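Notes follow the structure.
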Amino acid sequence: MSEEKDFENMEEALAFLDTRDHKVGEKVLGEVVSVREDGLIVDFGGKSEGWVPESELIKSLKSYRTGLKLELQIIKINDEEGMIVLSERRPKYSEIVREIEEKFEKNEAIFTGRITEQVKGGYRVLVGGVVEAFLPGSHSLIKSGESYPRGEIEFMVINFERRGRRTNIVVSRRAILDKKIEEFFKEKKVGDIIEGAVERIMQNGIVVRINDVITGFIPRSEISYDPSITPKEVVESRQNIAAKILKIDPESRRVILSLKALMPDPWESVERKYPVGSTVTGVVKSIHPFGFFVNLEPGVDGLVPYSEVFWGRGRKNLRDVVKVGDIVKVEVINLDKENRKITLSYKKAKGDPWETVPEKYPVGNVVVGKVAKILPTGAIVEIEDGVSGFVPISEISWNYIEKPEEVLREGRKIKVKVLGIDTENRRMRLSVRETTENPWKRVMRELDKGSVIKGKVKKVMKSGVLLEVRDYNVDAFLPSSHYEEKPKVGEEIEAMVLRVLGDRRGNRMIVSVKELIERRNYEDYKRQVEAEKVERTLGEVIKER
């Protein structure tokens, strides 16, 4: 380079000059006496003070202060003017070039320097304040349109050539990054623990700045053994943390880290803490159609299958039993440590309700239950969770009914009487009608064939009409052959009792409108005949007089 050549030529030219006390090329130690606009006045032990022009300084002029000690070299002596010119750059130049060459041969040539200006194809760099080098644009890490950084930065020498007394030095910023990346992936391996600073917190994980060229990623699944923990609950931005390397890929430069790998694994002690058959306490974490999960401790969840929630049959809503956040007792019924699965039972922890059914619901007692399901032959009534009984159709009403739906509705609460209990087969026979007095007893006492009743049409069928006899709280059947005009629902009708039956089909009353009309017509006829007979008798008496 031209400047370096000028330095070397000047040294050769001045090497022949000499003075009585000092000579050109001599290295001296100087102290800054004053800082001028264009250089420094220094005391180097000569008969007069020396001058160091700004162009011969290593650093910017404002970096120097009075009293600072400098290593200098005499480059010019002017006896006539009594002036000695010194340089801070000259003694450093050869030393730094030699150091650059030695380190370049060992592939260790990393030096600090500063960019002085932008030139064609790159930038001019001053290494050590004295040695010029070229920084190609492709190695600068400076984006197009950006201004180059000011101040001291690191460079790596990627080419060094001596051409006579001149040197050709090419430096790179990118090479430093590549070297650091190469060294990192060469030195680090899976299982190593590294430190870094939290650079970014995301919903699915944490980005960690390991050094100025390498970042790692901690997936959310590797933050904690408790999957409900979020990244924001664990770390803060710029926080320094330690993590273990799970995966490392030099080609893609990917580093996957783990925080939970540094924590004790809670599954290592599950067999001791949650043995099969034990009853434990946990918090309901989530509810699904197939069951609900219970958190036993951070990182250890167990599943309560739907089949282990209810003792009874029939599909029920889990949310009617538990809610997220509820504290529940559960029994461990299966443990698979290898696959990290625990199966729990909610119903077993509560206990089998059928063990106490005979004591809680003795035969003859009246209890309240909910109609769970209506069948063609009767209805299933749930007394409590896991305890249900069956009401036969014959036990639904004192009156004859064709279908349970005529009296009962699913989901409705009703009173039932316990008729029988079979704990071995988990069965209970119930009665709805037995919760009220049997109205047919009164019917049997007060009504017989020929009695007249009043009823309201309840139902019109092809075979006849069902009447509601309110005075006795029973129903009566009016066959279609026993009326002339078909009555309408809600119509009030008088009818005559033909017979009252009580058999295996239940109690029934058969009535007739026609029979009542015929009887009344006959009674009217009898009254008319009697009246005519009386009238004839009176007529004969009058004639005899």
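Source: prediction; values computed, not measured.
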Which pair of heavy atoms, one from [X] and one from [Y], lies closest together, and at what distance?
X: I333; Y: S345; result: CG2-CB, 3.8 Å
X: R36; Y: L61; result: O-CD2, 3.0 Å
X: I374; Y: V371; result: CG1-CG1, 3.9 Å
X: K247; Y: V190; result: CA-CG2, 4.2 Å
X: P376; Y: P404; result: O-CD, 3.9 Å
X: I229; Y: S224; result: CG1-OG, 3.9 Å

Does any N or O in the side chain of [X] come within less than 3.5 Å of the main-chain N or O of [Y], such that one atom is a donor and the other an acceptor?
X: W311; Y: K347; answer: yes
X: Y306; Y: K316; answer: yes
X: E108; Y: F104; answer: no
X: N339; Y: K341; answer: no
X: E56; Y: P53; answer: no
X: E268; Y: D265; answer: no
X: Y148; Y: R114; answer: no
X: T356; Y: E359; answer: no
X: R173; Y: S140; answer: yes

- Message: Is there a salt bridge (charged side-chain N to carboxylate O under 4.0 Å, His left out) between E384 and K360? Walk through the geometry before answering.
- Response: CA-CA 11 Å; E384 65 171 76; K360 292 176 69 176; 2.7 Å; yes
- If a pair satisfies side chain to side chain donor-acceptor pair (under 3.5 Å) and one of its residues is in residues 421-430, list it, with sequence neighbours excluded.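 Listed once each, the pairs are D352-R426, D422-N425.
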- Message: Apply salt bridge (charged side-chain N to carboxylate O under 4.0 Å, His left out) to residues K106 and E102 and explain how you reach the verdict.
- Response: CA-CA 7 Å; K106 297 178 182 178; E102 289 176 355; over 6 Å; no
Indicate yes or no: at least one non-hydrogen side-chain atom of [X] is less than 4.5 angstrom from one of [Y].
X: L177; Y: E182; value: no
X: E161; Y: N159; value: yes
X: Y123; Y: I142; value: yes
X: I153; Y: T112; value: no
X: F217; Y: P219; value: yes
X: V363; Y: L419; value: no
X: N168; Y: F160; value: no
X: K417; Y: L430; value: no

Can you list the residues that meet the side-chain contact (heavy atoms from CB on, under 4.5 Å) rule with [X], with sequence neighbours excluded?
X: T66; result: none
X: V171; result: V125, A133, L135, F155, V157, I169
X: E31; result: K69
X: R253; result: D178, I181, F185

- Task: Using side-chain hydrogen bond (donor to acceptor under 3.5 Å, both in side chains) as the criterion, list what pairs up with K273, not counting sequence neighbours.
- Result: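 For K273, the residues satisfying side-chain hydrogen bond (donor to acceptor under 3.5 Å, both in side chains) (neighbours in sequence not counted) are E297.
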Could you list the donor-acceptor pairs under 3.5 angstrom formed by side chains in residues 196-215, with sequence neighbours left out?
unit_1	atom_1	unit_2	atom_2	d
E199	OE2	R209	NE	2.9
E199	OE2	R209	NH2	3.0
R209	NH1	N211	O	3.3
N211	OD1	V213	N	2.8
N211	OD1	I214	N	2.7
D212	OD2	K180	NZ	3.0

- Query: F293: what forms a ring-ring contact (aromatic ring centres under 6.0 Å, His included) with it, not counting sequence neighbours?
  - Reply: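 Partners of F293 by the ring-ring contact (aromatic ring centres under 6.0 Å, His included) criterion, ordered by chain and then number, come out as H288.
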- Message: I'd like to check the ring-ring contact (aromatic ring centres under 6.0 Å, His included) partners of Y64; sequence neighbours left out, ordered by chain and number.
- Response: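 For Y64 there are no ring-ring contact (aromatic ring centres under 6.0 Å, His included) partners, ignoring immediate neighbours.
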If you measure from [atom1] on [X] to [atom2] on [Y], what distance do you get to the nearest 0.5 Å?
X: W398; Y: I401; atom1: CH2; atom2: CD1; result: 13.0 Å
X: S258; Y: L246; atom1: OG; atom2: CG; result: 4.5 Å
X: I380; Y: K370; atom1: CD1; atom2: NZ; result: 13.0 Å
X: I194; Y: I248; atom1: CD1; atom2: CD1; result: 9.5 Å

- Criterion side chain to side chain contact (heavy atoms under 4.5 Å, CB included) against I342, the qualifying member of V304, N334, L296, V280: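 Answer to the side chain to side chain contact (heavy atoms under 4.5 Å, CB included) test with I342 among V304, N334, L296, V280: L296.
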- Message: For E71, is the CD atom crowded, meaning more than 12 foreign heavy atoms sit under 6.0 Å from it?
- Response: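 Not more than 12 within 6.0 Å, no.
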- Message: For the NZ atom on K337, are there more than 12 heavy atoms of other groups (residues, nucleotides or ligands in this structure) within a distance under 6.0 Å?
- Response: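 Yes, the 6.0 Å shell around NZ holds more than 12 heavy atoms from other groups.
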- Query: Salt bridge between K373 and E410, side-chain N to carboxylate O under 4.0 Å?
  - Reply: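 Salt bridge between K373 and E410, a charged N being under 4.0 Å from a carboxylate O: no.
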- Message: So that I can tick it off, tell me whether E395 and R433 are bridged by a salt bridge, with the cut-off set at under 4.0 angstrom between side-chain N and carboxylate O.
- Response: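 Yes, R433 and E395 are salt-bridged.
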- Item | Trace of the side chain to side chain contact (heavy atoms under 4.5 Å, CB included) decision for I383 with V416 | CA-CA 9 Å; I383 306 302; V416 290; 4.0 Å; yes
- Query: Applying salt bridge (charged side-chain N to carboxylate O under 4.0 Å, His left out), which residue pairs with at least one partner in residues 213-229 are found, sequence neighbours left out?
  - Reply: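 Output for this query lists D226-K285.
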- With sequence neighbours excluded, give me every salt bridge (charged side-chain N to carboxylate O under 4.0 Å, His left out) pair touching residues 234-245.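 Residue pairs passing salt bridge (charged side-chain N to carboxylate O under 4.0 Å, His left out), neighbours aside: none found.
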- Run the side-chain hydrogen bond (donor to acceptor under 3.5 Å, both in side chains) check on Y274 and R272 step by step: do they pass? CA-CA 6 Å; Y274 310 109; R272 174 179 56 81; over 6 Å; no
- Message: Does K103 qualify as a cation-pi partner of F111, given the criterion of NZ or CZ under 6.0 Å from the six-membered ring centre and within 45 degrees of its axis?
- Response: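 Yes; both conditions hold, so K103 lies above the ring face of F111.
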Could you pull out every donor-acceptor pair under 3.5 Å between side chains of residues 317-332 and any protein atom, sequence neighbours left out?
unit_1	atom_1	unit_2	atom_2	d
N317	OD1	R319	N	3.0
D326	OD2	K323	N	2.8

- Item | Under 3.5 Å side-chain donor-acceptor pair for T230 and E233 |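 There is such a pair between these side chains.
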- Begin with the C-alpha distance, continue with both residues' side-chain angles, and end with the deciding distance and a verdict on side chain to side chain contact (heavy atoms under 4.5 Å, CB included) for L72 and V42. CA-CA 10 Å; L72 303 170; V42 296; 3.9 Å; yes
